[in-house]
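For reference, the structure discussed in these notes is given below.
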Amino acid sequence: MTPARLAVVTAGLSVPSSTRLLADRLATAVGRHLVDAGRPVEVETAELRELAVDIAHNLVTGFPPPALRDTIGTMARADGLIAVTPVFSASYSGLFKSFFDVVDRDVLAGKPVLIAATGGTARHSLALEHAVRPLFAYLRATVAPTAVFAAPEDWGASTDPRTTALAERVDRAASELSALMTGHRPPPAADEVTPFADRLAALRVPPHP
């Protein structure tokens, strides 16, 4: 069977990076779900900090250098994408945004994407919904319902409830992305609202005309 191709884009700036750590954890979880579904997987990860000069060059000239062109090509050919950014000033990082500014809008059209972020405080988690998700909606990607945010306290001991909560959210998001990559509808998010007409149908009560 042809392996599923998973591209990972991470915009962490430090080495080591919690952003890269979260990206790797998500990629591992997605790979596990794909293998469980009978699909082998090939993962390719791009560290945007290594492409920062190329991205700036592309912004001012309109032409991507070879390494940047290869990264965009890998993403275009992928069956799914994991995109992880650190949160700066309550939004995605400038490097993250600059990369997607030089990506042709059609590259991500219809592509399954899992979005995630890291930040210094849990208060930054809303950046995923007010900044990152709208960005990929504009790019016409198919974004998995569950977004994953990790603050410093989420990387504690395995017995810490916050660490357990992150692991559960990683697994749920990975399950959703793998389902999208294999052509299945992902399960509804835990906080997803069931339409009233669907509730009536479940009770076998016809909706009011």
Side-chain angles (χ1 to χ4, degrees), residues 4-35 41-52 71 74-75 78-100 108 111-136 141 143-181 186 189-190:
R5 293 168 295 189
L6 176 63
V8 182
V9 171
T10 171
L13 299 180
S14 60
V15 181
S17 162
S18 61
T19 305
R20 175 62 189 265
L21 179 61
L22 180 58
D24 288 345
R25 185 171 294 190
L26 288 165
T28 298
V30 172
R32 183 176 65 250
H33 281 283
L34 287 170
V35 169
V41 60
E42 293 179 351
V43 180
E44 293 197 50
T45 301
E47 290 268 15
L48 295 188
R49 64 181 180 80
E50 298 175 355
L51 298 169
T71 297
T74 295
M75 190 170 62
D79 300 300
L81 170 67
I82 295 172
V84 191
T85 178
V87 174
F88 298 144
S89 302
S91 188
Y92 37 61
S93 73
L95 179 61
F96 185 84
K97 179 60 163 58
S98 294
F99 172 72
F100 287 102
L108 295 181
K111 191 176 299 295
V113 176
L114 190 167
I115 57 173
T118 59
T121 169
R123 292 193 300 272
H124 288 317
S125 61
L126 290 177
L128 280 164
E129 301 303 328
H130 76 68
V132 183
R133 192 178 296 275
L135 169 64
F136 286 97
V143 185
T146 300
V148 180
F149 182 86
E153 58 268 23
D154 293 316
W155 304 107
S158 60
T159 55
D160 190 320
R162 292 170 298 192
T163 305
T164 302
L166 174 62
E168 291 173 350
R169 197 161 184 83
V170 164
D171 186 69
R172 181 175 186 85
S175 174
E176 293 168 353
L177 183 64
S178 63
L180 290 169
M181 290 174 65

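Just so you know, residue 1 is the first one in the sequence shown, and it goes up from there. We use all heavy atoms of the structure for the numbers below, so side chains are in, but hydrogens, waters and symmetry mates are not.
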What is the distance from atom [atom1] of [X] to atom [atom2] of [Y], rounded to the nearest 0.5 Å?
X: Arg5; Y: Leu34; atom1: CZ; atom2: CG; result: 13.0 Å
X: Glu176; Y: Leu114; atom1: CD; atom2: CG; result: 7.5 Å
X: Ser98; Y: Leu51; atom1: OG; atom2: CG; result: 12.0 Å

Looking at every heavy atom in both [X] and [Y], which two are closest together, and how far apart are they?
X: Ala116; Y: Leu128; value: C-CD2, 3.7 Å
X: Ala83; Y: Phe136; value: CB-CZ, 3.7 Å
X: Ser17; Y: Gly12; value: OG-CA, 3.5 Å
X: Pro86; Y: Ala11; value: CD-O, 3.4 Å
X: Ala147; Y: Glu129; value: CB-OE2, 3.8 Å
X: Thr121; Y: Pro152; value: N-CD, 4.4 Å

If we check side-chain contact (heavy atoms from CB on, under 4.5 Å) with His33, which of these qualifies: Asp171, Val41, Leu177? Asp171
Kindly say whether [Y] contributes a backbone atom to a donor-acceptor pair with the side chain of [X] at under 3.5 angstrom?
X: Glu44; Y: Thr74; result: no
X: Lys111; Y: Ala78; result: yes
X: Thr85; Y: Ser93; result: yes
X: Arg49; Y: Thr10; result: no

Minimum side-chain heavy-atom gap [X]-[Y] below 4.5 Å:
X: Met181; Y: Leu6; answer: yes
X: Phe88; Y: Leu13; answer: yes
X: Ile82; Y: Thr45; answer: no
X: Met75; Y: Phe100; answer: yes
X: Arg25; Y: Val148; answer: no
X: Leu108; Y: Leu81; answer: yes

Output all residues satisfying side chain to side chain donor-acceptor pair (under 3.5 Å) with His124, sequence neighbours left out; order by chain, then residue number. none
Only counting residues at least two apart or in another chain, list the ones meeting side chain to side chain contact (heavy atoms under 4.5 Å, CB included) with Ser18. Thr118, Trp155
What verdict does the salt bridge (Lys or Arg N to Asp or Glu O under 4.0 Å) test give for Arg172 and Glu168, after you've listed the backbone C-alpha separation in whole Å, the side-chain angles of each residue and the deciding distance to 0.1 Å? CA-CA 6 Å; Arg172 181 175 186 85; Glu168 291 173 350; over 6 Å; no
